[in-house]
2 protein chains.
Amino acid sequence: MAVTIYDIAREAKVGIGTVSRVLNNSPKVTSETRDRVISVAKRLNYQPHAFAQALARKRSNTLSAIIPFFTNYFFIEVLQGVQETLTSLGFDLIIHGANNQEQLEEYLVRSMRKGRVDGTLIFSLQLPDKFAAEFKEKKLPLVLVDSFHDDFDSIRVDNFEGAKIATEHLISLGHKDIGLINANLKSVPAQERLKSFMQTLQRHSIPIRDGVINNSSWTKNDGFSREAGYSDMVKFLKSGVKLPSAFFVSSDIQAIGVIEALKELDLHVPEDVAIVSFDNIEISKYFGLTTMSQPMYQMGELAVKKMIQRIDAIDLPVSSVNFTPSLIVRASCGANKNYVFQDSN
Amino acid sequence: MAVTIYDIAREAKVGIGTVSRVLNNSPKVTSETRDRVISVAKRLNYQPHAFAQALARKRSNTLSAIIPFFTNYFFIEVLQGVQETLTSLGFDLIIHGANNQEQLEEYLVRSMRKGRVDGTLIFSLQLPDKFAAEFKEKKLPLVLVDSFHDDFDSIRVDNFEGAKIATEHLISLGHKDIGLINANLKSVPAQERLKSFMQTLQRHSIPIRDGVINNSSWTKNDGFSREAGYSDMVKFLKSGVKLPSAFFVSSDIQAIGVIEALKELDLHVPEDVAIVSFDNIEISKYFGLTTMSQPMYQMGELAVKKMIQRIDAIDLPVSSVNFTPSLIVRASCGANKNYVFQDSN
DNA sequence: CTACCTTCTGAAAGCCCTTCCATAGACCTC
DNA sequence: GAGGTCTATGGAAGGGCTTTCAGAAGGTAG
C-alpha cells in the first residue's frame, strides 16, 4: 500500500540495495542511477518507514526526557532548549512527566526498553541506585540535568555559588539580619542553597537568629511552589519571631507567595523587607524580583550536545558541568529603585 | 547480544510463536507452557524491542503533538492532560515546538512519515490546506486542539460564548464604556473574540467609541504576549482617546502587560479601569485577574481520547466539541473587592 | 587476447517481532 | 477402530529497511 524501496527499485529498474544506497547518500553509485532513483522516489512521494529504519540501523534517533512537575517554568524553558537543539539534529523527543517515584521508575523502565530511545535525559530527579546500576551495566546513554550522579554526565547550576552571590548581594546592601525561606530539604538544591546561605553569613560574621531559617515541609514540588512560599511565610509571621530586614528565598515561585503573605499584613517589598530569590523564571520580571538567573535554555542545549557525544562514544569519560547563575537586579531587593520591567530582562 | 524471543524459545524449549503468544496474553497456551516461558523471560530479563514490535504490529503506540510557542502556559497545561492520559494508555508522546510556518510544515512531514506515529495532535495552529488534503487522503489520524477544520476532529473553547460572558460581566457591573485590547486578527481566536465582543455590546445597545478597539499588530505569538499587551496599551494611552471605564483583554498574559502600562501612568486596576481577560493561566491568580477559564487539562485529556477512537476507527464521522469557558471572578474587574488569592483558584 | 583490478550493482541475510498456517496429538462419536 | 473435531504448538512468512557479499561490467596492463 504505502510505497517502499521495493516499489522504487522496480520502477527505477534497479535493486533495493541501490535504492537504499542512494537514499543514504552512499558514494558508490553512478550519478545516472542516483538521479533515476531520486526522481522515481520523488514521483512516488516516498517516505522511509521510521521503524524499519530504526530496526535495521539499531538507532532510533529519538531521546526521552523525564521531567518532574510538568507545569514548572524551569523545566519548560530547559525543555525548549532541548527540543530545538534536538530538532535541528533530526532527533525526536519523547516526554515523560513524572509526578512521583513510581512514575519515575515506570518511565525509566520504558526508556530502557531495547531500541526505544537512543538516550535518556533526566531532569532534577534523583536517579534510583538500582537504575543507575542497570543503565551503567547496559551502557545506556543517560545525562542528568539539574541532578548529579558519579557515573553519568551531568549539567547543573552551581547552587552554592548562586546562593552565595544572592546572600552577598543582600549583605552588600547593608542587611545584617537576613532570613531564609527555603524549599524542602529533601531536594538537593534546597540543601545546597541552605548550606551556602549559612556559610556566607558566617564568613561575613553575620549572626543567624533563631527562627529565621525556614525549611519547607511541603512535599508537593518539594516545596518549590507559590503555595509553599505563601504558607511558610504566613507561618513565620505568626511565629512571633522578629521580621528580618531581608530574606533569601530559594525560588522565584516561592517568592511570589512570600510577597503575597507579606502584602496581607501590609508589609511591602522592598521597603519593609528586601527579597532575593533564585531561578529567574519568566514571570519573575513581572514581579520585579531580584533573582539568580539560570541559563535554562543553554542548559537544555548543552544536555543534548552531551547526549549526542555520549551516544556516539558510550565509553567517553564522564563529565559534569556547572553553570554559575548570575544576579539579576530588579526591584525586590531595593537596590534598583526605579525598576521598570523591560522586555530584555 | 540483547535477549530476543529466540533465546527464550530455546531455553524454554518451545517455538518462537508460543513465546510471542505468551507474551501477548493469547489464551491458546496451556498454563504449564505459559509458566515456563514466563519464568525464562523473567530470568533472562527480557524486554521486547519496541521497534520490531511496532514494525510487526503496524502500530507504534506513540503520538506526536505540534504546539506553537513552547513557553506558553496554555499549551503546557493542555499538554499535561495529554501526557498523563497517554501514559495511562501505554502510549508515548513526541513533542514538536513550532515557532513558525516552516517548522510546522517540517513537523507535519515528520509526523506523516509512515509508521512513525499513530496519530498527530495539532494545537492552536491552522492546518495548511495541502497537508489537510494529504492527511485526509492517507487517512492519518489527526485531531485539532484549539483550532478547527471541517475534515478533522477538533476540540475547542467557545471563544464566542466566552467573550460574551466576559463582556456581559463588565456590563452587569455597570460599565457603559468598554474597550478591547485584542491579539492579532491573524489568529482565529482573536477574530472570534472581537466579533463576539462587538455583538454583545450591540445587543446591549452600548456604543463603541472610535479608537477603543485595539487589535494588535504584533506577530510574535500572534500578539498573545505580555509585550504586546504592554505596548498596545501604551499606544492606546498615547493616542489621546479617552480611557474607557473597562477593558476586555483577549488573554491573561496581555492583561499583565496592560496592567503594567497603566501602572506607569499611576492608573490602578480596578479603581481606574476594570479588566476582564481570557485563559485563566496559572499566574493569572497571582495578579488577581478576572478571567475566562478554559479547562485546559480536560481538553488535553479529551483530545487523547478522541485520538484513540480515531485510530481504532479512522472512518468514524468527524466530531467537534466546544468547551464553554467559565468566568472566574477575582479582583481586576472590581466585583470582588476583597479578593485574596486562594490555592483552589 | 588473457589476466587482473575496479567499480558498481543485485540479491540475500539480518534486525526482532506478530500472525497465519499446517500439523500433531488428544479426545469424541458411531 | 476409523473418521472427525478441537486445541496447542512450531515455524514460516512478512513487515521495510541496511549492509554484506558475490558477481557483472568495464577498464587496464602485459
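Numbered from 1 within each chain, the chains take letters A, B, ... in sequence-line order.
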Between atom CD1 in B:Ile5 and atom P in D:dT9, what is the gap in whole Å? 16 Å
Expressed as a whole number of angstroms, how long is the span from A:Ile16:CD1 to C:dA12:C1'? 8 Å
Closest nucleotide of DNA chain D for A:Gly17 versus for B:Thr33: which of these residues is on the 5' side? B:Thr33
To the nearest angstrom, the CZ-P distance between A:Phe51 and C:dG14 comes to 24 Å
Could you state the atom-to-atom distance from CD of B:Gln47 to P of C:dC17 in whole Å? 11 Å
Can you tell me if the side-chain N/O atoms of B:Gln53 get under 4.0 Å from OP1 or OP2 in C:dC16? no
Think A:Thr18 has a side-chain N or O under 4.0 angstrom from the OP1 or OP2 of C:dG10? yes
Donor-acceptor pair under 3.5 Å, B:Tyr6 side chain vs C:dC17 base: yes
Of the listed D:dC17, C:dG10, D:dT9, the closest approach to the A:Ala56 side chain comes from D:dC17
Round to the nearest Å and state the distance from A:Arg34 atom CZ to C:dC8 atom C1'. 12 Å
Run the salt bridge (charged side-chain N to carboxylate O under 4.0 Å, His left out) check on A:Glu134 and A:Lys130 step by step: do they pass? CA-CA 6 Å; A:Glu134 203 164 345; A:Lys130 89 175 161 205; over 6 Å; no
Using atom CG of B:Asn61 as one end and atom P of C:dC17 as the other, report the distance to the nearest whole Å. 16 Å
Side chains of B:Asn24 and B:Arg57, donor plus acceptor under 3.5 Å: yes
Between C:dT18, C:dC16, D:dT19, which one does the side chain of B:Ser20 approach most closely? C:dT18
Taking atom types as modelled, find out whether A:Ser111 and A:Ser64 have a side-chain donor-acceptor pair closer than 3.5 angstrom. yes
From the candidates D:dT18, C:dC17, C:dT9, the one with an atom nearest any side-chain atom of A:Thr30 is C:dT9
Among D:dG15, C:dG10, C:dC17, find the nucleotide with the atom closest to the side chain of B:His49. C:dC17
Out of D:dG10, C:dT18, D:dC17, minimum distance to the side chain of B:Val14 belongs to D:dG10
Roughly how many Å is it from CG in B:Asn24 to C1' in C:dC20, rounded to a whole number? 15 Å
Taking atom NZ of B:Lys136 as the centre, report whether more than 12 heavy atoms of other residues, nucleotides or ligands fall under 6.0 Å from it. no
Is there a donor N/O on one and an acceptor N/O on the other, under 3.5 Å, for the side chain of B:Arg59 and the base of D:dG15? no
Could you tell me whether the side chain of A:Arg21 has a donor or acceptor atom within less than 3.5 Å of a complementary atom in the base of D:dT20? yes
To the nearest angstrom, how far is A:Leu55 atom CG from C:dA13 atom C1'? 13 Å
Compute whether any side-chain donor of one residue and acceptor of the other, for B:Lys305 and B:Thr85, lie under 3.5 angstrom apart. no
